[in-house]
**Q** 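Could you have a look at this structure, given as structure tokens, before my questions?
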Protein chains: 2
Amino acid sequence: MVLNEPEQPAAPAAGGAGRGGLGVPGGRRKQRVSMADVAELAGVSSQTVSRVSNGHAGVVASTREQVLAAMRELGYRPNSAARALRYGRFNTIGVILFSLSSTGSSRTVEAIATHAAAEGYAITLIPIDVATQDNVLGAFTRMGELAVDAVIVIMEIHLLDTATVQLPPGAHVVVVDSDAGDRYGVVDTDQADGTRRAVRHLLELGHRTVWHVAGPESSYAAQRRAQAWRAVLEEAGCPAPAPFRGDWSAESGYAAGLALAEEPDCTAVFASNDQMALGLLRALHERGRSVPADVSVVGFDDTPDAAFFIPPLTTVHQDFAEVGRRCVEGVLHQLRTGDDSRPGTDLVPARLVIRESTAPPRTT
Amino acid sequence: MVLNEPEQPAAPAAGGAGRGGLGVPGGRRKQRVSMADVAELAGVSSQTVSRVSNGHAGVVASTREQVLAAMRELGYRPNSAARALRYGRFNTIGVILFSLSSTGSSRTVEAIATHAAAEGYAITLIPIDVATQDNVLGAFTRMGELAVDAVIVIMEIHLLDTATVQLPPGAHVVVVDSDAGDRYGVVDTDQADGTRRAVRHLLELGHRTVWHVAGPESSYAAQRRAQAWRAVLEEAGCPAPAPFRGDWSAESGYAAGLALAEEPDCTAVFASNDQMALGLLRALHERGRSVPADVSVVGFDDTPDAAFFIPPLTTVHQDFAEVGRRCVEGVLHQLRTGDDSRPGTDLVPARLVIRESTAPPRTT
DNA sequence: CTGCCTGATGTTTACGTGAACACGTTCCCT
DNA sequence: AGGGAACGTGTTCACGTAAACATCAGGCAG
């Protein structure tokens, strides 16, 4: 019967205020145990209970013991609503995001939650299942009313733009996957740098040019990767083939792969994430194009699975844990110093992990 | 300057209580706009503001408009701490889990968050990075003090067991990945049923027996799958080879695969999740064992990627969305009816998705 | 014309906590 | 021994909201 609350306080508030008593015949008289209850049982004032509860000095050991005993007996738990009201803060960070299914968000959220916990903060999740304006606006509105001290947004920029006005005044915000560095703090993997490493790696192997399977247009990260891919090719004087547009899913990578398999010139592909690379590998395999002998493939993310693709995938490693850590650091810095206006972009370096899906092109 | 708070309330509380004023020279006088501020600007009582804010009837249109205008002007937002204190609830559900990285948890959490949002509840995440007793206990303790009305636990049973006593009295709990059905409500995929479908499928194809790559012992789901696998084999009178023990990772599946490739008798393998199946596929491929011609492989989870493995993976589909939905339903039912003691196990059916990684054994 | 009822709005109060201040005791120092 | 500092504990109050009750004006029926 763990879940039952104590049947009766040991010393019921007989003579005191009759709150809750009147007109409630059989019902439980009180939802929760309050400081006053503990104080009464321990025979002290509620302020002393407060002091014990918060570990303040200046309470004699015997009194403290008495209070602690009363707490245990009644199963007292501080009421966080009252605390939050008193202190004006919740020790909670809100996280707005689209989907936990994407590799990036779920790992970033996990890191955020872990680091926040280490700082004594909890995480409140506001997912937006469908990325309509209404949903985004709704999420921001809800967030504004929520028990939250600061907000981390993992979201594309243009959707954020329209929702901006809804952010609670005085809110502390850090954004991922966006270039809103002029208005909010931004933390993100250095997409451009990672992409450059990937594309240059392919060019250095001797490939004439590199094809691209891009992520959805709505994603800022996908845009940045596509831009950087094009920039490297232009810089190297290589022709840039028209990119394929995917949606992060393996299925879209597969579709692109079927098309790419028909391009005899295609010897190197940069996929904007590992899942699309997976679909790509399967399509090429199906069409009898060997990887890496015929076609080299590079992914992005370095998911734990990428090392076990066939063949093991060369990919750009993102340090999601570090991104999450810096997000938390960012909002907590704002929160603690009150320094609202510290926009700027904090880029976490990426690194290329070379495995077996890349090789020099077949000598003609 | 979206983030700035309004410089001054339009009609400062000149004669009223001097709270916050004394000794704070340059500082902002008030952190937040309260009902009283809105009431003053609108020239009504704060109670009327409350009525407007909560959409109560009985406020004349002109008054309502005035209040709404004042709200807009001051950027008023209800204080959820005060609300929670008043109402005694937070409209928030806490979720305790180990890791978002595992496919199952992250998809379950997402479904939980989505359905909770639909019911007007937010989700507070309490991750436990390392599964030590202390961490688990700490998480439960924190959760007890947190702004949370109910708790969903995604965790193995034996760790929960020891932490049980720490759960806040009166808390409403639903558990996933556990058999604590006698004490808490449990929602889970029907692991045994899914496993039976997978193993029977292999036997029906004509395989003599089925090997097993199990998940970690600490996982209840892994235990259930291993049990059911063994039960089906025994029922069919097949010898049960010693299972390999993995840790859900593709790497552990790869290791098991290398060993299995040396077993000439092995023609069918049931992996306890898709990631291990991925590692398995690669190991078999490396060792020249063709899938499904030489060895059939079945996974569990049906991750979105599984359809794009080489070859596309036959696997057991888990309906995580449904599990999440029922979790939320469960706690909200408890919450609303106050029916604490409705333990029982709610199993969500699984189904087998047959793709190309399974085939009859090579005829000898 | 009077009295009551209805509907709109204001006033009071409690929710649980903890800072600030008040009070009383003990013990030390002169 | 007397004064006061230091310390332990109690009392008061405010945080922002909303239910319960109070009040007030206007309309309508007897």
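The sequence lines fix the lettering, A, B, ..., with proteins before strands; numbering per chain opens at 1.
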**Q** Could you tell me the separation between the CZ atom of A:Phe90 and the C1' atom of D:dG16, rounded to a whole number of Å?
**A**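 Distance check: A:Phe90 CZ to D:dG16 C1' gives 11 Å.
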
**Q** Could you please name the option among C:dG16, D:dT17, D:dA20 that lies closest to any side-chain atom of A:Arg86?
**A**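 Of all the options, the side chain of A:Arg86 is nearest to C:dG16.
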
**Q** If I take atom OH in residue B:Tyr87 and atom C1' in nucleotide C:dG16, what distance separates them, rounded to the nearest angstrom?
**A**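 Distance, rounded to whole Å: 17 Å.
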
**Q** Does the distance from a Lys or Arg side-chain N to an Asp or Glu carboxylate O, for B:Glu329 and B:Arg336, drop under 4.0 Å?
**A**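 The answer is no: the pair does not qualify as a salt bridge.
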
**Q** Report which part of the nucleic acid B:Thr48 touches: base, sugar-phosphate, or nothing (heavy-atom distance under 4.0 Å, all strands).
**A**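 Counting heavy atoms under 4.0 Å across all strands, the contact made by B:Thr48 is with sugar-phosphate only.
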
**Q** State whether the distance check finds a donor on one side and an acceptor on the other, under 3.5 Å, for side chain A:Arg51 versus base D:dG10.
**A**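 Indeed there is one.
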
**Q** Could you check whether any side-chain N or O of A:Asp149 sits under 3.5 Å from a backbone N or O of A:Ile93, counting only pairs where one atom can act as donor and the other as acceptor?
**A**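 Not confirmed, A:Asp149 side chain does not pair with A:Ile93 backbone.
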
**Q** Mapping B:Val44 and A:Val49 onto DNA chain C by nearest heavy atom, which one lands closer to the 5' end?
**A**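 Going by which nucleotide is closer to the 5' end, it is B:Val44.
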
**Q** Starting at the 5' end of DNA chain D, which residue's closest nucleotide do you reach first, A:Val59 or B:Asn79?
**A**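 That would be A:Val59.
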
**Q** Do any side-chain nitrogens or oxygens of B:Arg83 fall under 4.0 Å of OP1 or OP2 in D:dG16?
**A**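 No, no such contact exists.
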
**Q** What is the distance from CD of A:Glu65 to P of D:dT9, rounded to the nearest Å?
**A**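 About 13 Å, once rounded to whole Å.
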
**Q** Taking the nucleotide of DNA chain C with the closest heavy atom to each, which residue, B:Thr63 or A:Met35, is nearer the 5' end?
**A**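 Result: B:Thr63.
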
**Q** Rounded to whole angstrom units, what separation is found between the CD atom of A:Gln47 and the P atom of C:dC23?
**A**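 Rounding to the nearest Å, CD of A:Gln47 and P of C:dC23 are 16 Å apart.
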
**Q** Starting the side chain at C-beta, find the nucleotide from C:dT17, D:dA20, D:dG16 nearest to A:Leu85.
**A**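 Taking heavy atoms from C-beta onward, the closest nucleotide is D:dG16.
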
**Q** Give the rounded distance in Å between these two atoms: CG of A:Asn54 and C1' of C:dG16.
**A**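 Rounding to the nearest Å, CG of A:Asn54 and C1' of C:dG16 are 12 Å apart.
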
**Q** With rounding to the nearest 0.5 Å, note down the distance linking CG in A:Leu125 to CD1 in B:Ile123.
**A**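 It comes to 7.5 Å.
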
**Q** In a table with atom names and distances, give each donor-acceptor pair under 3.5 Å that connects a side chain of residues 49-63 of chain A to protein atoms at least two apart or in another chain.
**A**
unit_1: A:Ser53; atom_1: OG; unit_2: A:Arg83; atom_2: NH2; d: 3.2
unit_1: A:Asn54; atom_1: OD1; unit_2: A:Arg83; atom_2: NH2; d: 3.1
unit_1: A:Asn54; atom_1: ND2; unit_2: A:Tyr87; atom_2: OH; d: 3.3

**Q** Is there a side-chain contact between B:Ser80 and A:Phe90 (heavy atoms, below 4.5 Å)?
**A**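 Heavy-atom side-chain distance check passes, below 4.5 Å.
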
**Q** Taking only the side-chain heavy atoms of A:Val60 (C-beta and beyond), determine which of D:dG16, D:dT9, C:dT17 contains the nearest atom.
**A**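 Nucleotide nearest to A:Val60's side chain: D:dT9.
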
**Q** Report the distance from atom CZ of B:Arg89 to atom P of D:dA18, rounded to the nearest whole Å.
**A**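 That distance rounds to 11 Å.
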
**Q** A:His56 has a side chain; which of D:dT17, C:dA19, C:dG16 sits nearest to it?
**A**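 The nucleotide sitting nearest to the side chain is C:dA19.
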
**Q** Within this structure, what is the CD-to-P distance between A:Glu40 and D:dT9, rounded to whole angstrom?
**A**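 Nearest whole value for this atom pair: 18 Å.
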
**Q** If only side-chain N and O atoms of A:Tyr76 are considered, is one of them under 4.0 Å from the OP1 or OP2 phosphate oxygen of C:dG16?
**A**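 Answer no for this pair, as no side-chain N or O of A:Tyr76 is under 4.0 Å from OP1 or OP2.
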
